Student: 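This structure is in structure tokens; I'll ask about it shortly.
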Amino acid sequence: MATDFHIFHGENTVQSRSDWLQIKELFESKGFTASQHNAKQLDLAQLEQLLSAQSLFGDQRVITIEGLLSLPQSKKKKQLVSYLAEQLELDVAILLWEPKLITAAGLKPFKKAQVHTHKAAKQIFSWLDSLGQTKSAQMQQQLSQLTAQESAIFIHTMLARQLRMLIAAKDGGTVTGAPFMIKKLQAQAQRFQLRQLLAAHQSVLEIEYRQKQGITRLTWEQELDLWLISL
């Protein structure tokens with residue numbers, strides 16, 4: 001039996017992770033024994049043992065690994081990717097989940113894998129770039145349009161990420177990305193005082209806390225709408 005290999009990646013981490021977990025649950029419903037692993041804690045010996053291990057009762061297995069292709073370039077990453085790419089005839093399912101969009105070069109070693117790409121709507125990046133420049137009422141209108149394309153939870157995630165990068169750009173921290181993106185972030189950060197960015201980020205984190213703790217009757221979208229009014 002050829003290895004059933006799936007890779008989930010993309011900017012829309014909320015949707016990609018949801019689909020990744022659904023596929024994992026689908027295998028489990030078919031009787032597969034599941035194990036979940038983080039690539040940061042894996043080394044080559046552990047991966048070899050993981051893939052060569054046989055179930056005590058002969059069960060079929062599904063192995064899920066988070067963040068392998070997102071690891072920084074290193075000898076360890078090269079070894080793990082090279083070894084995993086060679087495992088094409090195992091009686092096992094392998095599901096990789098990546099917390100970002102992987103380049104074509106990064107996916108190249110896994111030519112026989114089923115790749116599930118979850119890109120974000122382009123409008124969300126324009127919306128994030130307009131923070132500090134566009135009036136709240138207009139941003140609220142754009143938010144309403146965005147939620148017709150993306151989940152409010154994902155928009156919240158991207159907003160928190162944008163604020164973290166703006167804080168780093170404003171405070172002289174490390175900002176990764178293409179030079180033009182860094183320059184754009186630095187220019188956007190100049191629209192705010194550092195204390196404003198820190199307060200905005202804190203209030204966005206509080207939205208997540210309220211939602212996950214179930215201590216609000218508001219939806220994610222309504223919370224974001226109110227956040228824009230207070231910005």
Side-chain angles (χ1 to χ4, degrees), residues 2-55 59-88 90-120 124 150-151 153-162 164-165 168 174 176-177 205 208-209 211-212 220:
T3 305
D4 200 346
F5 206 128
H6 298 257
I7 300 174
F8 298 81
H9 74 121
E11 299 113 339
N12 193 334
T13 54
V14 173
Q15 190 60 53
S16 69
R17 190 171 183 84
S18 174
D19 288 356
W20 175 65
L21 291 173
Q22 284 183 17
I23 292 292
K24 172 178 170 286
E25 290 170 359
L26 178 62
F27 277 106
E28 289 178 310
S29 71
K30 294 180 179 179
F32 281 64
T33 301
S35 62
Q36 194 161 323
H37 310 272
N38 191 307
K40 291 180 181 180
Q41 278 78 56
L42 276 180
D43 59 29
L44 182 58
Q46 290 170 325
L47 183 61
E48 289 176 344
Q49 183 179 12
L50 181 64
L51 293 178
S52 62
Q54 296 295 319
S55 169
D59 296 335
Q60 291 181 300
R61 296 179 299 135
V62 54
I63 298 170
T64 63
I65 303 175
E66 300 182 49
L68 174 61
L69 306 182
S70 303
L71 289 173
Q73 292 301 326
S74 63
K75 179 181 179 181
K76 167 187 166 177
K77 178 182 178 179
K78 186 176 181 180
Q79 289 177 331
L80 292 176
V81 169
S82 178
Y83 179 76
L84 194 57
E86 294 172 357
Q87 309 309 307
L88 302 177
L90 297 176
D91 189 13
V92 64
I94 298 173
L95 311 180
L96 302 187
W97 179 77
E98 304 301 326
K100 65 178 185 179
L101 184 70
I102 304 300
T103 64
L107 295 170
K108 189 176 180 180
F110 304 99
K111 294 179 180 179
K112 294 187 177 181
Q114 297 184 52
V115 178
H116 309 260
T117 305
H118 298 78
K119 293 186 177 181
I124 195 170
E150 302 284 5
S151 73
I153 299 176
F154 173 62
I155 295 171
H156 174 275
T157 300
M158 294 295 285
L159 176 60
R161 172 178 174 269
Q162 185 81 358
R164 286 195 301 271
M165 292 192 297
T174 302
T176 58
L205 294 181
E208 182 176 6
Y209 175 80
Q211 289 291 329
K212 291 187 175 180
W220 286 88

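Positions are given from 1 along the sequence. As the structure is a prediction and not an experimental result, all values here were calculated from the model.
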Student: Start with the C-alpha distance between Gln60 and Thr33, add both sets of side-chain angles, then the distance that settles side chain to side chain contact (heavy atoms under 4.5 Å, CB included), and finish with yes or no.
Tutor: CA-CA 6 Å; Gln60 291 181 300; Thr33 301; over 6 Å; no
Student: Quick one: CG on Asn38 to CD1 on Ile65, what's the gap to the nearest 0.5 Å?
Tutor: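 Reported to 0.5 Å precision, the distance equals 10.0 Å.
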Student: Should Leu96 and Phe5 count as side-chain neighbours, where that means a heavy-atom distance under 4.5 Å?
Tutor: yes
Student: State, yes or no, whether a side-chain contact exists between Asp43 and Leu80 at a heavy-atom distance under 4.5 Å.
Tutor: no
Student: Could you list all the salt bridge (Lys or Arg N to Asp or Glu O under 4.0 Å) pairs where at least one residue sits in residues 7-18, not counting sequence neighbours?
Tutor: Arg17-Glu66
Student: Run the side-chain contact (heavy atoms from CB on, under 4.5 Å) test against Ile23 and tell me which residues pass, sequence neighbours left out.
Tutor: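 Checked Ile23 against side-chain contact (heavy atoms from CB on, under 4.5 Å); matches are Phe8, Phe27, Leu95.
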Student: Could you work out, with side-chain contact (heavy atoms from CB on, under 4.5 Å) as the rule, every residue matching Lys212, not counting sequence neighbours?
Tutor: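 Lys212 satisfies side-chain contact (heavy atoms from CB on, under 4.5 Å) with Glu208 once adjacent residues are dropped.
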Student: Is any side-chain heavy atom of Phe32 less than 4.5 Å from a side-chain heavy atom of Val92?
Tutor: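 No; the side chains remain at least 4.5 Å from each other.
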Student: For Met165, give me all partners under side-chain contact (heavy atoms from CB on, under 4.5 Å), at least two apart in sequence or on another chain.
Tutor: Arg161, Gln162, Leu185
Student: Do any pairs count as a side chain to side chain donor-acceptor pair (under 3.5 Å) and have a residue in residues 98-109, sequence neighbours left out, and if so which ones?
Tutor: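 Found Ser70-Glu98.
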Student: Roughly how far apart are His6 NE2 and Gln114 CD, rounded to 0.5 Å?
Tutor: 4.0 Å
Student: Determine the minimum heavy-atom distance between Lys76 and Gln41, stating which atoms define it.
Tutor: NZ-N, 4.3 Å
Student: So, taking the atom named CD in Gln49 and the one named CG in Leu44, what distance separates them when rounded to the nearest 0.5 Å?
Tutor: 11.5 Å
Student: Taking all non-hydrogen atoms of both residues into account, name the closest pair between Val14 and Ser151 and its distance.
Tutor: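 Of all heavy-atom pairs spanning Val14 and Ser151, the closest is CG1-OG, 4.2 Å.
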Student: For the atom pair CD1 (Ile94) and CZ (Arg61), what is the distance rounded to the nearest 0.5 Å?
Tutor: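 Between Ile94 CD1 and Arg61 CZ, I get 9.0 Å after rounding to 0.5 Å.
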Student: Check Leu69, Thr117, Ile102 against Ile7 for a side chain to side chain contact (heavy atoms under 4.5 Å, CB included) and give me the one that passes.
Tutor: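 In the set Leu69, Thr117, Ile102, the residue that makes a side chain to side chain contact (heavy atoms under 4.5 Å, CB included) with Ile7 is Leu69.
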Student: Search all heavy atoms of Thr13 against all heavy atoms of Phe154 and return the closest pair with its distance.
Tutor: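 Between these two residues, the closest heavy atoms are N-CE1, 3.8 Å.
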Student: With rounding to the nearest 0.5 Å, note down the distance linking CG in Leu47 to CD1 in Ile63.
Tutor: 8.0 Å
Student: Kindly write out the residues that satisfy side-chain contact (heavy atoms from CB on, under 4.5 Å) with Gln22, not counting sequence neighbours, or none if the list is empty.
Tutor: Ser18, Asp19
Student: What's the verdict on side-chain hydrogen bond (donor to acceptor under 3.5 Å, both in side chains) for Ser16 and Trp97, showing C-alpha distance, side-chain angles and the deciding distance?
Tutor: CA-CA 8 Å; Ser16 69; Trp97 179 77; 2.9 Å; yes
Student: Any side-chain heavy atom of Phe110 sitting closer than 4.5 Å to one from Val81?
Tutor: yes
Student: Indicate the atoms forming the closest heavy-atom contact of Lys24 with Ala34, along with that distance.
Tutor: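 Heavy-atom minimum between the residues: CE-CB, 4.0 Å.
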Student: What distance do Asn12 atom CG and Thr157 atom OG1 have between them, rounded to the nearest 0.5 Å?
Tutor: 8.5 Å
